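Remember, it's a predicted structure, so these values are computed and weren't measured experimentally.
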Amino acid sequence: MAGGGGNFRHLGRKSSHRQALLRNLVTSLIEHESITTTWPKAKEAQRLAEKLITLGKKNTESSRRRALSIFYNPHQMLPKLFGSLRERYAERPGGYTRVLRVEPKKDDQAPSAILELVDGPKDMRFAMTARTIARQRSQGLETLNELTAMNVRKVTRYRKEGVEDLEREIGQLGLDEKKGPKPGKSAGEKQ
């Protein structure tokens, strides 16, 4: 293998097609804050998304022009990138996105993944941590195990009002569980 492995994945496409694909994935990521794709595409799109959010944090004229050249619908995406996302990640030194592997969804069994922005409304780790704590509290366990405590630290560290948001989410999950069928009566039993 002369020349080494290269610095990026080619994704079975020529360079113009690959750039168009990554631009489309990143535009969708910024718009929806979470996308599902194959794992190699998610890892490559993650690289471009991290660079874009760093440009958004710089907030200079040259960074705006660079971001303008990447987005497909820039006039919808630039206010979000240089507005709410810039404020959300102002204190975070890096790691604005997360790739989570999921079960293959396609017929070809390609490795699938979810690419998401962290500390947002669709943050899956935040929701899973809240659900775990709610389940442990419903079982009467007040102390968290080591893994759950680590996840609590991770999801609340850079989030503004992180602990309060987590407690609010746990409270909502606790209310949802209480709305189920009342204990003592089966589903087919009349009152």
Side-chain angles (χ1 to χ4, degrees), residues 1-102 105-106 110-129 151 153-166 169:
M1 295 196 8
N7 295 332
F8 56 90
R9 294 171 181 86
H10 296 280
L11 302 175
R13 292 158 171 81
K14 58 184 182 177
S15 65
S16 60
H17 188 188
R18 184 177 55 252
Q19 288 173 349
L21 169 78
L22 294 176
R23 287 175 61 194
N24 190 17
L25 286 172
V26 170
T27 301
S28 296
L29 175 66
I30 299 296
E31 182 180 353
H32 302 290
E33 299 202 5
S34 178
I35 58 172
T36 302
T37 183
T38 63
W39 187 78
K41 289 178 192 173
K43 291 301 282 184
E44 284 302 307
Q46 181 182 28
R47 293 175 62 187
L48 184 58
E50 297 274 341
K51 291 175 185 177
L52 264 176
I53 294 173
T54 302
L55 286 175
K57 285 176 60 174
K58 288 181 183 177
N59 198 19
T60 62
E61 187 59 36
S62 63
S63 65
R64 283 184 180 271
R65 279 196 304 269
R66 176 76 176 115
L68 188 73
S69 70
I70 293 175
F71 287 127
Y72 276 123
N73 46 359
H75 300 296
Q76 295 173 355
M77 297 294 115
L78 285 182
K80 185 171 184 178
L81 179 66
F82 288 95
S84 62
L85 292 181
R86 179 174 173 248
E87 293 169 5
R88 184 190 305 173
Y89 299 124
E91 301 298 320
R92 184 179 274 271
Y96 315 113
T97 59
R98 177 182 302 130
V99 176
L100 300 168
R101 285 184 183 252
V102 294
K105 290 185 173 34
K106 298 182 179 179
S112 298
I114 296 173
L115 176 61
E116 65 180 4
L117 296 176
V118 298
D119 295 341
K122 295 184 177 182
D123 189 350
M124 193 172 291
R125 179 177 278 170
F126 184 81
M128 289 170 48
T129 302
N151 281 332
R153 284 191 304 274
K154 283 184 175 183
V155 299
T156 59
R157 182 174 177 189
Y158 293 109
R159 186 183 287 252
K160 290 182 181 176
E161 301 175 358
V163 177
E164 293 84 8
D165 285 348
L166 186 64
E169 182 80 15

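Side-chain contact check for T156 versus T129: every heavy-atom pair is 4.5 Å or farther apart.
With hydrogens and angles ignored, the 3.5 Å screen pairs a side-chain donor or acceptor of D123 with a backbone N or O of D119. The closest donor-acceptor contact from the side chain of K57 to the backbone of R92 lies under 3.5 Å.
Residues F82 and N59 approach most closely at CD2-OD1, 3.4 Å, considering heavy atoms. The two atoms that bring K160 and E87 nearest to each other are NZ-O, 4.0 Å, heavy atoms only. Annotation for P40 and P111: closest pair CD-O, 4.3 Å, computed over non-hydrogen atoms. I114 approaches S34 most closely through the heavy-atom pair CG2-OG, 3.5 Å. When every heavy atom of L22 is checked against every heavy atom of K41, the shortest pair comes out as CD2-O, 4.3 Å.
For the atom pair Q46 CD and T97 OG1, the distance stands at 3.5 Å (nearest 0.5 Å). For the atom pair CZ of R125 and NZ of K154, the computed distance is 4.5 Å after rounding to the nearest 0.5 Å.
Taking the charged nitrogens against the carboxylate oxygens, E44 and R47 do have a contact shorter than 4.0 Å, which makes a salt bridge.
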List the steps, then state whether side-chain contact (heavy atoms from CB on, under 4.5 Å) holds for Y96 with L85. CA-CA 10 Å; Y96 315 113; L85 292 181; over 6 Å; no

Apply side-chain contact (heavy atoms from CB on, under 4.5 Å) to the pair L48 and I70, showing each step before the final yes or no. CA-CA 9 Å; L48 184 58; I70 293 175; 4.1 Å; yes

Using the rule given for side-chain contact (heavy atoms from CB on, under 4.5 Å), can you reason through V118 versus Y158, listing the C-alpha separation, both sets of side-chain angles and the distance that settles it, and then say yes or no? CA-CA 10 Å; V118 298; Y158 293 109; over 6 Å; no

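Residue R157 qualifies as open at atom CZ: its count of foreign heavy atoms under 6.0 Å is 12 or below. Within 6.0 Å of atom CZ in R66, 12 or fewer heavy atoms from other residues, nucleotides or ligands are found, so the atom counts as exposed in its surroundings.
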